[in-house]
Amino acid sequence: MRVALTFDVEHPDRPTVSGVTERLVEVLDSRGVISTMFIQGRWAQAYPRLTEQIAMAGHLVGNHSHFHARMPSFNDSGLASDVRSAGAAIRDACGVNPTPWFRCPFGAGSDDERVLRGLAKLGYRDVGWHVDSKDWAARGPKALVERVVARTLEHGDGAVVLMHGWPRWTPDAVGAIVDRLRSEDAAFVTIDQLEELPGNRPETPEVAAHPRPRTTSETPETPG
């Protein structure tokens, strides 16, 4: 059974503690898990070294918009400007082109054909999820672990799990989630290794799936 752990890496919109994203990267590394991380452009600007660390660890990097606004609230030019700004901020921070992977903040716009067409014109496709961890609402790691494990097993092969880079309980829960799912013969993959992904797509020319971009060190002279 393949499972894709995905994280929206963004500025928190609720109280949290410092160092969560750093601990999350450490936990994933300790378990040998490569995830998919959708990074907010403004967050990448604020934390360029951590953004580079994420890329250097091999995580697949996607675009999570620049301002973390609901995408349908933009007109066409505003949407393009926001997405391009995020892409540029991510590339500047870690040398990785996040195309074609995009996740709409809050999932808003994932069923809006105008938004999806706008993303497709920029070379992106929106990626949804099958399992919403709701880690932003968790009051401790135990319930979070139980929720994610149960719903992932219920979905089965190809489950895409949504988590975030800032809730305080997420790093502690992720280690237990990985251990529990591995005991059920789960293999952890990135979204580019799945044939089908959740999310609606408009009637536009297909956006080719790109291979994982290389980080600068590998390239000849990087809730929601």
Side-chain angles (χ1 to χ4, degrees), residues 1-10 21 24-25 28-29 31-41 43-44 51-65 71 83-84 86-91 93-105 107 109-110 115-116 118-133 148 152 155-165 174 177-178 181-182 185-202 204-219 222 224:
M1 178 180 72
R2 296 167 301 168
V3 177
L5 295 182
T6 71
F7 299 89
D8 291 356
V9 180
E10 62 201 24
T21 308
L24 174 61
V25 174
L28 291 169
D29 183 64
R31 298 301 198 281
V33 172
I34 303 300
S35 71
T36 302
M37 297 202 179
F38 295 93
I39 299 178
Q40 180 191 3
W43 188 92
T51 303
E52 184 177 32
Q53 182 182 349
I54 288 169
M56 292 292 292
H59 299 286
L60 182 64
V61 173
N63 186 326
H64 194 43
S65 85
M71 303 310 288
V83 174
R84 287 187 179 122
I90 293 166
R91 289 192 298 273
C94 68
V96 168
N97 181 356
T99 310
W101 312 113
F102 189 88
R103 175 168 284 160
C104 291
S110 63
V115 169
L116 298 177
L119 292 173
K121 288 179 182 178
L122 298 169
Y124 287 97
R125 62 172 298 180
D126 178 64
V127 180
W129 55 85
H130 301 111
V131 178
D132 185 351
S133 69
V148 172
T152 301
H155 182 275
D157 183 58
V160 176
V161 180
L162 165 65
M163 304 186 83
H164 297 81
V174 163
I177 288 167
V178 169
L181 289 175
R182 276 183 170 156
D185 295 324
F188 292 93
V189 300
T190 49
I191 58 171
D192 57 345
Q193 295 173 281
L194 298 175
E195 296 81 16
E196 296 184 11
L197 293 171
N200 297 305
R201 302 190 67 181
T204 55
E206 188 107 358
V207 177
H210 293 191
R212 183 182 295 113
R214 294 180 294 183
T215 63
T216 49
S217 65
E218 298 173 310
T219 305
T222 307

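In this text, all values refer to a predicted model and were calculated from it rather than measured experimentally. Computed from heavy atoms alone, side chains included, the values below leave out hydrogens, waters and symmetry copies.
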- Note on the structure: Tightest non-hydrogen contact, residues A186 and V3, listed as CB-CG2, 4.0 Å
- Distance (rounded to the nearest 0.5 Å) between Q40 CD and N63 CG: 10.0 Å
- Query: Heavy atoms, side chains only, cut-off 4.5 Å: are D126 and W101 in contact?
  - Reply: no
- Message: For V25 versus Q53, what's the shortest heavy-atom pair and its separation?
- Response: CG1-NE2, 3.8 Å
- Query: Does a side-chain heavy-atom distance below 4.5 Å link V131 with L162?
  - Reply: no
- Kindly indicate whether the side chain of I39, heavy atoms from C-beta on, has any atom under 4.5 Å from the side chain of E10. no
- Query: Which pair of heavy atoms, one from L194 and one from G158, lies closest together, and at what distance?
  - Reply: CD1-O, 3.8 Å
- ring pair (Phe, Tyr, Trp, His ring centres under 6.0 Å) filter on F38, not counting sequence neighbours, yields none
- Item | Criterion side-chain contact (heavy atoms from CB on, under 4.5 Å) against F188, the qualifying member of L28, V161, V33, I34 | V33
- Message: Test of understanding: with salt bridge (Lys or Arg N to Asp or Glu O under 4.0 Å), list the residues that count as partners of D157, not counting sequence neighbours.
- Response: R2
- Who are the side-chain hydrogen bond (donor to acceptor under 3.5 Å, both in side chains) partners of T6, not counting sequence neighbours? R103
- Message: Any heavy-atom pair between the side chains of L5 and F7 that's under 4.5 Å?
- Response: yes
- Message: To the closest 0.5 Å, what do you measure between CG (D8) and CH2 (W43)?
- Response: 12.0 Å
- Gap between atom OG1 of T190 and atom CG of L60 - 0.5 Å precision: 5.0 Å
- Do other residues, nucleotides or ligands put more than 12 heavy atoms under 6.0 Å from R84 CZ? no
- NE2 (H64) and CD1 (I90) are apart, to the nearest 0.5 Å, by 10.0 Å
- Query: From L116 CG over to Y124 OH, what is the distance, rounded to the nearest 0.5 angstrom?
  - Reply: 15.0 Å
- Message: Could you report the tightest heavy-atom contact between P198 and V160, atom names first, then the distance?
- Response: CD-CG2, 3.8 Å
- Task: Can you measure from NE2 (H164) to OG1 (T21) and round to the nearest 0.5 angstrom?
- Result: 11.5 Å
- Side chain to side chain, V115 and C104, heavy atoms closer than 4.5 Å: yes
- Shortest non-hydrogen contact from A89 toward G41: CB-O, 3.4 Å
- Note on the structure: Closest non-hydrogen contact found for R91 with V96 is CG-O, 3.1 Å
- Would you mind reporting whether H59 and T36 have side-chain heavy atoms less than 4.5 Å apart? no
- Task: Check whether any side-chain heavy atom of V83 lies under 4.5 Å from a side-chain heavy atom of F102, and answer yes or no.
- Result: yes
